[in-house]
2 protein chains.
Amino acid sequence: MSTNAYPRTSRGVARREQILRAAEAMIGAQGFSAASIADITRHAKTALGTFYIYFSSKEDVFRELVLEMGQLTRAVITQAVAGAPNRLEAERAGLKAFLRFVVERPSLYRIVEEARFIDAEAYKAYFTSFAKAYAAQLNDAAAAGELRPGDAEVRAWALMGIAKTLGERYVLWDDTSDIDHVVDEAFSMIRDGLAP
Amino acid sequence: MSTNAYPRTSRGVARREQILRAAEAMIGAQGFSAASIADITRHAKTALGTFYIYFSSKEDVFRELVLEMGQLTRAVITQAVAGAPNRLEAERAGLKAFLRFVVERPSLYRIVEEARFIDAEAYKAYFTSFAKAYAAQLNDAAAAGELRPGDAEVRAWALMGIAKTLGERYVLWDDTSDIDHVVDEAFSMIRDGLAP
DNA sequence: TTGAAATATGAATCAGTATTCATGTTTTAT
DNA sequence: ATAAAACATGAATACTGATTCATATTTCAA
């Protein structure tokens, strides 16, 4: 059929989800090119052809996973940051929440990073939109005197870079139980770098 | 022949270099899987089979390019940092030199990042060794009172993250002529984050 | 209950491309 | 000058894996 139309039965909904999760696991573990459709359907305990009932291509599932990761990351961070008394505390909370999220969904993290090479547009759109919202927050905080004035966009990208790299090093490579230490050390640098 | 032994004639040396440069251009532009050996040899103006005289596989050239990028980056930064009067100025100079290097060799930058998915060990080795040397410098500087005390390793990774991400955003995506502005803004954050 | 729509199956198709190899050509050492 | 070693060539091989499709089976509305 080769569509990726939304399923009309609950069985269909469940199958699609099975396949999506299997794709997350396989692509996350082996990478986009190494993970075959056969791997994915085997892991989803379904037939090869079933894949193409729900997704039109391998790129298609991949794109959906990138989208999913974007929504989840935003949701997780937004929620973590919600209760912070000020912007600096929000930075700490956001960084910690991000690293915890990477612990929980390492495959999605890898998928987003690989998107740079598989679907560059999706990757760029994801980070650009994230950065835009992030910069707006930093701008507001600076206007309110909570941060030293400065180029919010450059700051947003720099802070995103810190989070991405620490996530890779201290979560994906080295499943350190001491995420709090990493957050504290990085945050003390960020705090003094941004405080008014 | 399928070796990657070093060539014994000057013609061989030149051919190998041609192919290496073509591989840099093709893989850098299209990515590892999209760039075919045929693309590479066509661009190098040589026959398909010649590739296998100098490299044993596509992964093999790729690995060599990653190695090369590692050496070059180190050399560029080491040299840029050499004249700095203190560690903070070294940070500024290092960041600027890195971004300038990305302007000159965007393909090599992309190759190193893609290495995470093609040759994870090479990628990890590259950054781990870089981070180790970087952290040692930061440690010395902190001991000398040039930086506030703190976990040098976490700092090194955070600073590498800033450089990588700004390079991607402001050089690869947006060939901004205003690298200096980006450096200044990022540096002012780094400076206050690290200053004693 | 029943037939049309939706979903499931996996063997067969199809395309792409990494790698090899048998055969020339060029270089180098003597 | 000459033979051995290096190097060059590109058609042929070999293999992988994405996508299709004809054929079941299941679901659901009427």
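Values below: all heavy atoms of this structure, side chains included; hydrogens, waters and symmetry mates excluded. So you know, we letter chains A, B, ... as the sequences are listed, proteins then strands, and number each from 1.
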| query | At under 4.0 Å between heavy atoms, what does Ala35(A) touch on the DNA or RNA strands: base, sugar-phosphate, or nothing? | reply | sugar-phosphate

| field | Given dT9(D), dT19(D), dC7(D), the nucleotide with the shortest approach to the side chain of Pro7(B) | value | dC7(D)

| message | Rounded to whole Å, please give me the gap between CZ in Phe32(A) and P in dA18(D). | response | 8 Å

| task | Take atom CZ of Phe51(A) and atom C1' of dA18(D), then tell me their distance rounded to the nearest Å. | result | 10 Å

| query | Ser36(A) near the nucleic acid: base, sugar-phosphate alone, or nothing, with a heavy-atom cut-off under 4.0 Å? | reply | sugar-phosphate

| Can you tell me how far P of dC7(D) sits from CD of Glu17(B), to the nearest Å? | 15 Å

| Nearest heavy-atom neighbours spanning Leu88(A) and Leu194(A) | CD2-CB, 4.1 Å

| request: Using whole Å, report how far OH of Tyr6(B) lies from P of dC7(D). | output: 11 Å

| field | Separation between CD1 of Ile118(B) and OH of Tyr123(B), rounded to the nearest 0.5 Å | value | 12.5 Å

| Would one find a side-chain N or O of Tyr54(A) under 4.0 angstrom from OP1 or OP2 of dA8(C)? | yes

| task | Could you work out which one of dT19(C), dT7(C), dT19(D) sits closest to the side chain of Lys58(A)? | result | dT19(D)

| remark: Value for OH (Tyr52(A)) from CG (Asp60(A)), rounded to nearest 0.5 Å, stands at 10.0 Å

| How many Å lie between CZ on Phe55(A) and P on dA18(D), as a whole number? | 15 Å

| query | Among dC28(D), dC7(D), dT9(D), which is the nearest nucleotide to the side chain of Arg11(B)? | reply | dC7(D)

| remark: To the nearest angstrom, the NZ-C1' distance between Lys45(A) and dG10(C) comes to 17 Å

| request: Check whether any side-chain nitrogen or oxygen of Arg15(A) sits under 4.0 Å from OP1 or OP2 of dA8(C), and answer yes or no. | output: yes

| task | Salt-bridge test for Glu68(A) and Arg21(A): reply yes if a basic N is under 4.0 Å from a carboxylate O, no otherwise. | result | yes

| message | Nearest whole Å is fine: how far is dA18(D) C1' from Ile27(A) CD1? | response | 13 Å

| said: Ser129(A) vs Arg74(A), test: side chain to side chain donor-acceptor pair (under 3.5 Å). Steps then yes/no. | reply: CA-CA 11 Å; Ser129(A) 119; Arg74(A) 265 171 195 267; 2.3 Å; yes

| query | Taking the side chain of Leu48(A) as heavy atoms from C-beta outward, which of dA18(D), dA11(D), dG10(C) is closest to it? | reply | dG10(C)

| message | Taking only side-chain N and O atoms of Thr9(B), does any of them lie within less than 4.0 angstrom of OP1 or OP2 on dT27(C)? | response | no

| query | Once you round it to whole Å, what is the distance between P of dA5(D) and CD1 of Ile53(B)? | reply | 17 Å

| Between dC7(D) and Thr50(B), is there an OP1 or OP2 to side-chain N/O distance shorter than 4.0 Å? | no

